[in-house]
Structures are given as C-alpha cells and as structure tokens.
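The chains referred to below are lettered A, B, ... by the order of the sequence lines, with proteins before strands, and numbering in each begins at 1. Owing to the predicted nature of the structure, the values given are computational and were not obtained by experimental measurement.
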2 protein chains.
Amino acid sequence: MHKVTVLDKKGALDCPIRDVINRIGDKWSLLILVVLSEQPTRFNELKRTIGDISQKVLTKVLKELEQEGYITRTAYDESPPKVVYDLTEMGISVLTPVGHLIDWAEKNHAMIKGNRSKTD
Amino acid sequence: MHKVTVLDKKGALDCPIRDVINRIGDKWSLLILVVLSEQPTRFNELKRTIGDISQKVLTKVLKELEQEGYITRTAYDESPPKVVYDLTEMGISVLTPVGHLIDWAEKNHAMIKGNRSKTD
DNA sequence: TCAATTAGGCACCTTGAGGTAACTAGGTTA
DNA sequence: TAACCTAGTTACCTCAAGGTGCCTAATTGA
C-alpha cells in the first residue's frame, strides 16, 4: 500500500493535501482545469462548455485558481471584451496526479454505485 | 500531459471523478482514510487522533464511507462498547492515486502559499 | 459513591457554497 | 432604432456542511 502522511504535529493545520483539496475539491475547479487542458479558453466559452455553472461562481473560481497559480488570465483590449484563461505549468502538472485519481474513479465507479444502492 | 476527460454528454452528470470527489473531497474523509491506513481504529481513537473533528461529523462521515464501501465497521458486544473501523480493499486501493496527489501537494505547497500571499 | 469511558443520538445554530436575476459598457448587427 | 454579445458585478435566497452542547447505558476504577 502507498504510505501516506496527512497529520502533522499541529493536528492537520497547514497540511498541504488539505490545502489543495480545499481549493480543487469543490464543485467546479477540477472541471475547469480539465477543460483548460484541452486548449486556452475564453470566459463564455468555458461557461458554455461546462453548461450548468453559474456566471457568478465561474468568475469566482477562476479568480481563485488564478490567485493560487493554477491558471493565467489574459485580457485583450477589444470590444466586446476578450479574456482568455490558460493553464500554468503548475496547473498542467497537477493534472498528472489528478489523472490517476480519475482513472481510479472510472474503474471503481460501478462498484461504488453498487454499494450505495444496497442501503438506499 | 496526462489526457483526462471529465465531461460526458449529459454535461458532467453521473461523472465518476465528480462522484468520488464529492465523497472524499470534504473536510475529513481523506484524513480518516489515511489514519485507518495505519491500522484498524476504534471510534474514540479516531476522534482523538484527528483532534479537531466533532463527534457528530465523525459519525456521519464514517457511515457514508462505510456505505460506499471504503471502510468496514465491526461492533463487539462489550461494555463499554467497542467498534472498530478498517479499510476495505477498495479503501486501500484509492490511497494509491490519493498518495500521488499528496506527493504533488507537498512538492507544490510552498509555491501555492507564495502565490497566495502576493495578492493578499 | 462518584467519576470516567464507550459509541453514538438529537436539537440548535452559523457559515459558506452555490444558484438566480438584474444590471453595466461599448461596439456589432438587423 | 433596437437587440445582441462580451465579461463581469451586485443583491438576494437556499441548502448542506460542520460545530456545540446535552443526553444515554453498562461497566470499571478510585
């Protein structure tokens, strides 16, 4: 088994994985990163691709991802406005471990749904 | 770059990774799985090890993890009560991709905190 | 006798995540 | 002239996550 450590002396405070999960473990961040991994994407294009995200939340999550260094925001001085989002090196690199988790999820999804339905 | 897919035709509904993240992406699940990976653990021992989790939430999360098949719950008919939680095969196996994410988080935590402080 | 321990259950409260709808500005199109 | 598109912002609402505090029942130790 993979040996992992999450708790430190301060009782899980300042723990890297919890910090990362806090950011990309929400409803939309991971999805946005994956969409951006296909190609740099404009705001409304992101919105249309994802489909069911609200404008307010998309704005907010993009701001947060930019602030943490996962993505870049490039505004072109045109009218109508044009703003393009893209992955940074860090944003690209996180998709490797995330990809492993996605693979696991796909392999085990049927079993999880099966377990779940037993006690519904 | 790792090639990943998250969106399906139904617009991210019934998507394995989002389903998994919904469960283990909360504040405590991952931590519980990691603690259990050390050894089978009793309820109050889990509570003490984690430290700052409330009893109510620990009960709830353990129930959910059991229902989905990540952990087992074994009650011994003693007094005072004794209930031991342990990882299932599935619970063990998810720690491999999760471990990769933890490694990534540890390597990049300094950079993330650096980025964050720039705009605080 | 009194306190502690065990694994919870239950009522109540706060906070934040996320949704909806309406508004903006400048330029393009019908 | 009127409507549309862009990338947001703001006010308002709802719901779920998570926290606190108090309760239990049998048994052990001081």
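- The B:Val83 side chain lies nearest to C:dG8 when the options are D:dA17, D:dG19, C:dG8.
- The interatomic distance linking B:Glu64 (CD) with D:dA16 (P) rounds to 13 Å, in whole Å.
- In this structure, B:Tyr76 reaches neither bases nor backbone, as no heavy-atom distance under 4.0 Å exists between it and the strands shown.
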Dot-bracket, DNA chain C: Watson-Crick or G-U, under 3.5 angstrom, [ ] crossing, | other strand? |||||.||||||||||||||||||.|||||
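- Close to C:dG9, at under 4.0 Å from its OP1 or OP2, lies a side-chain N or O of B:Lys63.
- Considering every non-hydrogen atom in both A:Val34 and A:Ser37, the closest pair reads O-OG, 2.6 Å.
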Protein-nucleotides 28-30 of chain C N/O pairs under 3.5 Å:
none

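- Among residues two or more places apart in sequence or in another chain, the salt bridge (charged side-chain N to carboxylate O under 4.0 Å, His left out) test is passed with B:Asp19 by A:Arg116.
- Identified under the salt bridge (Lys or Arg N to Asp or Glu O under 4.0 Å) test for residues 71-83 of chain A, with sequence neighbours left out: none.
- Position along DNA chain C of the nearest nucleotide to B:Arg48 versus A:Lys27 favours B:Arg48 as the more 5'-ward residue.
- Following rounding to the nearest Å, A:Ile50 (CD1) and C:dG19 (P) show an atom-to-atom distance of 11 Å.
- Cluster annotation: A:Met90 is not connected to A:Val84 through the hydrophobic network of ILVMFWY side chains, with a link wherever side-chain heavy atoms come within less than 4.5 Å.
- A close approach under 4.0 Å does not occur between any side-chain nitrogen or oxygen of A:Arg42 and OP1 or OP2 of D:dC5.
- The interatomic distance linking A:Lys82 (NZ) with D:dC5 (C1') rounds to 14 Å, in whole Å.
- With 3.5 Å as the limit, one finds a donor-acceptor pair spanning the side chains of B:Ser93 and A:Trp104.
- In this structure, the CD atom of A:Glu78 is 14 Å from the P atom of D:dG8, given to the nearest Å.
- With rounding to the nearest 0.5 Å, the separation of CZ in B:Arg42 from OG1 in B:Thr49 is 12.5 Å.
- In this structure, B:Glu66 places its CD atom 15 Å from P of C:dA7, rounding to the nearest Å.
- B:Arg23 comes within 4.0 angstrom of nothing in the nucleic acid, heavy atoms only.
- In this structure, the CG atom of A:Leu58 is 16 Å from the P atom of C:dA17, given to the nearest Å.
- Separating the CG atom of A:Leu62 from the C1' atom of D:dA7 is a distance of 11 Å, rounded to the nearest angstrom.
- Contact detail for B:Val61 and B:Ser29: the closest heavy-atom pair is CG1-OG, 3.4 Å.
- Annotation for A:Thr59 and A:Gln55: closest pair OG1-O, 2.8 Å, computed over non-hydrogen atoms.
- The two residues A:Gly114 and A:Ser117 have their closest heavy-atom pair at O-OG, 2.8 Å.
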Taking only N/O atoms, report every protein-nucleotides 20-25 of chain C pair under 3.5 Å with atom names and distance.
none

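- Each of B:Ile92, B:Ile71, B:Thr72 was compared with B:Asp86 under the side-chain contact (heavy atoms from CB on, under 4.5 Å) criterion, and only B:Thr72 meets it.
- Across every non-hydrogen atom of A:Asn115 and B:Gly69, the tightest pair is ND2-CA, 3.5 Å.
- Position along DNA chain C of the nearest nucleotide to A:Lys60 versus B:Phe43 favours B:Phe43 as the more 5'-ward residue.
- By the salt bridge (charged side-chain N to carboxylate O under 4.0 Å, His left out) test, B:Arg23 pairs with B:Glu64, B:Glu68, sequence neighbours left out.
- Among the heavy atoms of the strands, none lies under 4.0 Å from B:Lys47.
- Between the CG atom of B:Asp26 and the P atom of C:dG16 there is a distance of 17 Å, given to the nearest Å.
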